[in-house]
Amino acid sequence: MIRIYNTLSQDKEDFKPLEPGKVRMYVCGMTVYDYCHLGHARVLIAFDVITRYLRHRGFDVTYVRNITDIDDKILIRANENGEPFTALTERMIAAMHEDEEKLGVVRPSHEPRATEFIQEIIDLIQILIDKGYAYPADNGDVYYAVSEFKDYGKLSKKKLEDLVAGARVDIAEAKRSPADFALWKGAKPGEVSWPSPWGDGRPGWHIECSAMSGGSLGHTFDIHGGGPDLMFPHHENEIAQSEAAHGCTYVNYWMHAGAVRVNKEKMSKSLGNFFTIREILEEYPAEVVRYFLVSSHYRSQVDYSKDNLEEAGRALTKLYHALRGVEVADDAPETEHDRHFHKLMDDDFNTAGAIMVLHAVASDINLHRREGRVVEAAQSAAVLKRLGGILGLLQQDPEDYFKAAPGKDGGLTAEAIEDLINQRNQARKDRNFAEADRIRDTLAAQGVILDDSREGTSWRRG
RNA sequence: GGCGCGGUGGCAGAGUGGUUAUGCAGCGGACUGCAACUCCGUGUACGCCGGUUCGAUUCCGACCCGCGCCUCCA
């Protein structure tokens, strides 16, 4: 039985999908006005691992992750760039797909875009107005009347009184209550807009997710995920919209990833410590970034720092070392390691524990090799690749991993390195160790580390 | 101020009512021409104070500290 921590109950619960063997999952995706940053990577990878594991456990997973391709930030940025907003969003969507691919994130089953769901959004708003949960204001906006929804605050554990008391006075006084939020935003002159019963305008942020999730997965579905800062108000508002409109439970399991910090500080643009995925990938291999993120639990806060990334790199290198030069069996029977791995992952996707198992399997491989047990080594290698694959790790050819470390390329080509290694091995054969060591030092200065073994000398960048 | 989360060994990071997390770093040994890799061994731990218990890092309460959300944000 898989157990999942549910933000709604603030507790781990047995996972029982609506339909046995099937999982319907929705995750809030990107607003595509800029490149994806590390926080996005965290959510992307967390739910990628969750999807992979559920599929590994035999579930048929429908994974929907939306794209917000119309909102204020997009319009502002497009305006600054002097380009149509669609040119901006298309470019950022393409960049996002590139980033995901590098990080080994499997594409979702569907990626609905807000602009493709305008009619559904309008229909949903109309239902909310008809049922008395929403009202058109005289400024062309339509607002959700939060006080009409009795369960408001059940996800984020906030009380409406506190929210209203603590709210800033909104300049848009068209709202009946400061806690009300926009479902539809009336267009200003010259702005991109769609026609609606309330005049030309565009959807508010929260309504698009209710429309896209309901439209893709049904009015009730199993898992809804997203970043930690989406819990309030975004997810709270989604619940208010969907449950008021459809009269049924919106989502059974709410999952939220932990925050990413940078050098123990909140990651923010004002602090200048905001990293995009592509910036990070210039310095670290994508798989190292992935290992770093997967090596702590998805709900815990992680701290991005040079030291932490380098440590992740060393740990991953250790695993690839076990795989290097070893034959991998086509298949291997289920082992104690598989069972341990499942036990940990069944318990709210404990990837940190699961990585411990990977290291245990790597130790087995190393031991088998040392003792000359070729068949056992190949079997263990198959287990390591199998379990690593569930986490999206260790699927590269080890040689590729070792020989291509971004940011650490000393400028030497593989050919040049191998040439020097041949010279060194000749010197060793001649017992000219001074010369051999000089060559090794030269390579080390270029970031190339040599590993001698019975089979010969291999190298890596590190 | 309101709501929520967390404090584990030098660092990162799991877990458990009484028995080794794991990784990195350190130390000793094996291997090696010497290293690296690998293997064997090894030390430092559960914020503070009470309570429950035969026994708590692990359950309960208070306290201290850190963090997140409450405004666009993954």
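In what follows, chains are A, B, ... by sequence order, proteins preceding strands, each numbered from 1.
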Peer 1: Base, sugar-phosphate, or nothing: which does A:Lys429 touch, judged by heavy atoms less than 4.0 Å apart?
Peer 2: nothing
Peer 1: Compare the minimum distances between each of B:A12, B:G23, B:C37 and the side chain of A:Glu311, then state the nucleotide with the smallest one.
Peer 2: B:G23
Peer 1: Any strand is fair game: report the nucleotide pairing with B:C3 by Watson-Crick or G-U wobble, both distances under 3.5 Å, or none.
Peer 2: B:G68
Peer 1: What is the distance, rounded to the nearest whole Å, between atom CD1 of A:Ile355 and atom C1' of B:G23?
Peer 2: 9 Å
Peer 1: Base, sugar-phosphate or nothing for A:Arg65? Non-hydrogen atoms, less than 4.0 Å.
Peer 2: nothing
Peer 1: Nearest-Å distance, CG (A:Asp441) to C1' (B:A36)?
Peer 2: 12 Å
Peer 1: Under a 4.5 Å cut-off applied to non-hydrogen side-chain atoms, are A:Thr351 and A:Leu344 in contact?
Peer 2: no
Peer 1: Rounded to the Å, how far apart are A:Met231 CE and B:C72 P?
Peer 2: 16 Å
Peer 1: Rounded to whole Å, please give me the gap between CG in A:Asp72 and C1' in B:C72.
Peer 2: 9 Å
Peer 1: Regarding A:Tyr250 and A:Glu238, do their side chains bring together a donor and an acceptor under 3.5 Å, going by distance alone?
Peer 2: yes
Peer 1: What is the nucleic acid contact for A:Gln301, judged by heavy atoms within less than 4.0 Å: base, sugar-phosphate only, or nothing?
Peer 2: sugar-phosphate
Peer 1: Using a cut-off of 4.0 Å on non-hydrogen atoms, how would the nucleic acid contact of A:Glu371 be classed: base, sugar-phosphate, or nothing?
Peer 2: nothing
Peer 1: Work out how far the C1' atom of B:U71 is from that of B:U16, and round it to whole angstrom.
Peer 2: 41 Å
Peer 1: When we call it a touch if two heavy atoms are under 4.0 Å apart, what does A:Arg299 touch: a base, just sugar-phosphate, or nothing?
Peer 2: nothing
Peer 1: Nearest to the A:His40 side chain among B:A74, B:C24, B:G33, which nucleotide is it?
Peer 2: B:A74
Peer 1: Is there a Watson-Crick or G-U wobble partner for B:U38 with both distances under 3.5 Å, and which nucleotide is it?
Peer 2: B:A30
Peer 1: Could you measure between the two P atoms, the one in B:G6 and the one in B:A62, and give it in whole Å?
Peer 2: 15 Å
Peer 1: Relative to the 5' end of RNA chain B, which residue comes earlier, A:Lys266 or A:Ser363, by the nucleotide with the nearest heavy atom?
Peer 2: A:Ser363
Peer 1: Within 45° of the axis and under 6.0 Å from the centre of the six-membered ring of A:Phe47, does NZ or CZ of A:Arg65 qualify?
Peer 2: no
Peer 1: Assign A:Val260 to base, sugar-phosphate, or nothing according to its heavy-atom contacts below 4.0 angstrom with the strands shown.
Peer 2: base
Peer 1: How close or far is atom C1' of B:C5 from atom NE2 of A:His256, stated in whole angstroms?
Peer 2: 13 Å
Peer 1: Between the base of B:C31 and the side chain of A:Arg370, is one N or O donor paired with an acceptor at under 3.5 angstrom?
Peer 2: no
Peer 1: Could you please name the partner base of B:G50, counting Watson-Crick and G-U wobble pairs only when both distances are under 3.5 Å?
Peer 2: B:C60
Peer 1: For A:Lys158 and B:C69, is the shortest distance between a side-chain N/O and OP1 or OP2 below 4.0 Å?
Peer 2: no
Peer 1: Tell me which of A:His359 and A:Leu344 sits closer to the 5' end of RNA chain B, going by the nucleotide each one is nearest to.
Peer 2: A:Leu344
Peer 1: Taking atom types as modelled, find out whether A:Tyr33 and A:Thr68 have a side-chain donor-acceptor pair closer than 3.5 angstrom.
Peer 2: no
Peer 1: Assign A:Asn308 to base, sugar-phosphate, or nothing according to its heavy-atom contacts below 4.0 angstrom with the strands shown.
Peer 2: sugar-phosphate
Peer 1: With a non-hydrogen cut-off below 4.0 angstrom, is A:Phe232 in contact with a base, only sugar-phosphate, or nothing?
Peer 2: sugar-phosphate
Peer 1: At less than 4.0 Å, is any side-chain N or O atom of A:Asn366 found next to OP1 or OP2 of B:C39? Yes or no.
Peer 2: yes
Peer 1: Considering every strand shown, what is the Watson-Crick or G-U wobble mate of B:C24 when both distances are under 3.5 Å?
Peer 2: B:G10
Peer 1: Write down the distance separating the P atoms in B:C64 and B:C27, rounded off to the nearest Å.
Peer 2: 42 Å
Peer 1: Within this structure, what is the CG-CD distance for the pair A:Leu412 and A:Glu418, rounded to the nearest 0.5 Å?
Peer 2: 11.5 Å
Peer 1: Heavy atoms only, 4.0 Å cut-off, all strands: where does A:Gly153 land among base, sugar-phosphate and nothing?
Peer 2: nothing
Peer 1: Whole-Å distance between B:C37 P and A:Arg454 CZ?
Peer 2: 17 Å
Peer 1: At under 4.0 Å between heavy atoms, what does A:Lys159 touch on the DNA or RNA strands: base, sugar-phosphate, or nothing?
Peer 2: nothing
Peer 1: Indicate yes or no: at least one non-hydrogen side-chain atom of A:His256 is less than 4.5 angstrom from one of A:Leu155.
Peer 2: yes
Peer 1: Which listed nucleotide (B:C11, B:G68, B:C39) is nearest to the side chain of A:Arg261?
Peer 2: B:G68
Peer 1: Verify ring-ring contact (aromatic ring centres under 6.0 Å, His included) between A:Phe275 and A:Tyr304, making sure each step is shown before the conclusion.
Peer 2: CA-CA 10 Å; A:Phe275 289 97; A:Tyr304 175 79; 5.1 Å; yes
Peer 1: Under 4.0 Å between a Lys/Arg side-chain N and an Asp/Glu carboxylate O for A:Arg52 and A:Asp48?
Peer 2: yes
Peer 1: Do A:Asp452 side-chain and B:A35 base share a donor-acceptor contact under 3.5 Å?
Peer 2: yes
Peer 1: From the options B:A36, B:A74, B:C24, select the nucleotide whose nearest atom is closest to the side chain of A:Arg314.
Peer 2: B:C24
Peer 1: By the 4.0 Å heavy-atom rule, please label A:Ala315 as base, sugar-phosphate, or nothing.
Peer 2: sugar-phosphate
Peer 1: Ignoring hydrogens and angles, does a donor from either the side chain of A:His37 or the base of B:A74 sit under 3.5 Å from an acceptor on the other?
Peer 2: yes
Peer 1: Would you indicate what A:Ser453 reaches in the nucleic acid, counting non-hydrogen atoms under 4.0 angstrom: base, sugar-phosphate, or nothing?
Peer 2: nothing
Peer 1: Looking only at side-chain N and O atoms, does A:Gln10 come under 4.0 Å of OP1 or OP2 in B:C5?
Peer 2: yes
Peer 1: Tell me: NE2 of A:His234 to C1' of B:C70, nearest whole Å?
Peer 2: 17 Å
Peer 1: Taking atom P in both B:A14 and B:G55, what distance in whole Å separates the two?
Peer 2: 31 Å
Peer 1: Do A:Asp437 and B:G33 share a donor-acceptor pair, side chain to base, under 3.5 Å?
Peer 2: yes
Peer 1: In whole Å, I'd like the distance from the NE2 atom of A:His235 to the P atom of B:G4.
Peer 2: 20 Å
Peer 1: Does a side chain donor of either A:Ser216 or A:His110 reach within less than 3.5 Å of an acceptor in the other side chain?
Peer 2: no
Peer 1: Among B:C72, B:A74, B:C37, which is the nearest nucleotide to the side chain of A:Trp205?
Peer 2: B:C72
Peer 1: With both distances kept under 3.5 Å, what pairs with B:U19, Watson-Crick or G-U wobble?
Peer 2: none
Peer 1: Quick one: the side chain of A:Arg440 and the base of B:A35, do they pair up donor-acceptor inside 3.5 Å?
Peer 2: yes
Peer 1: Which part of the nucleic acid does A:Arg424 contact within heavy-atom distance under 4.0 Å: base, sugar-phosphate only, or nothing?
Peer 2: base
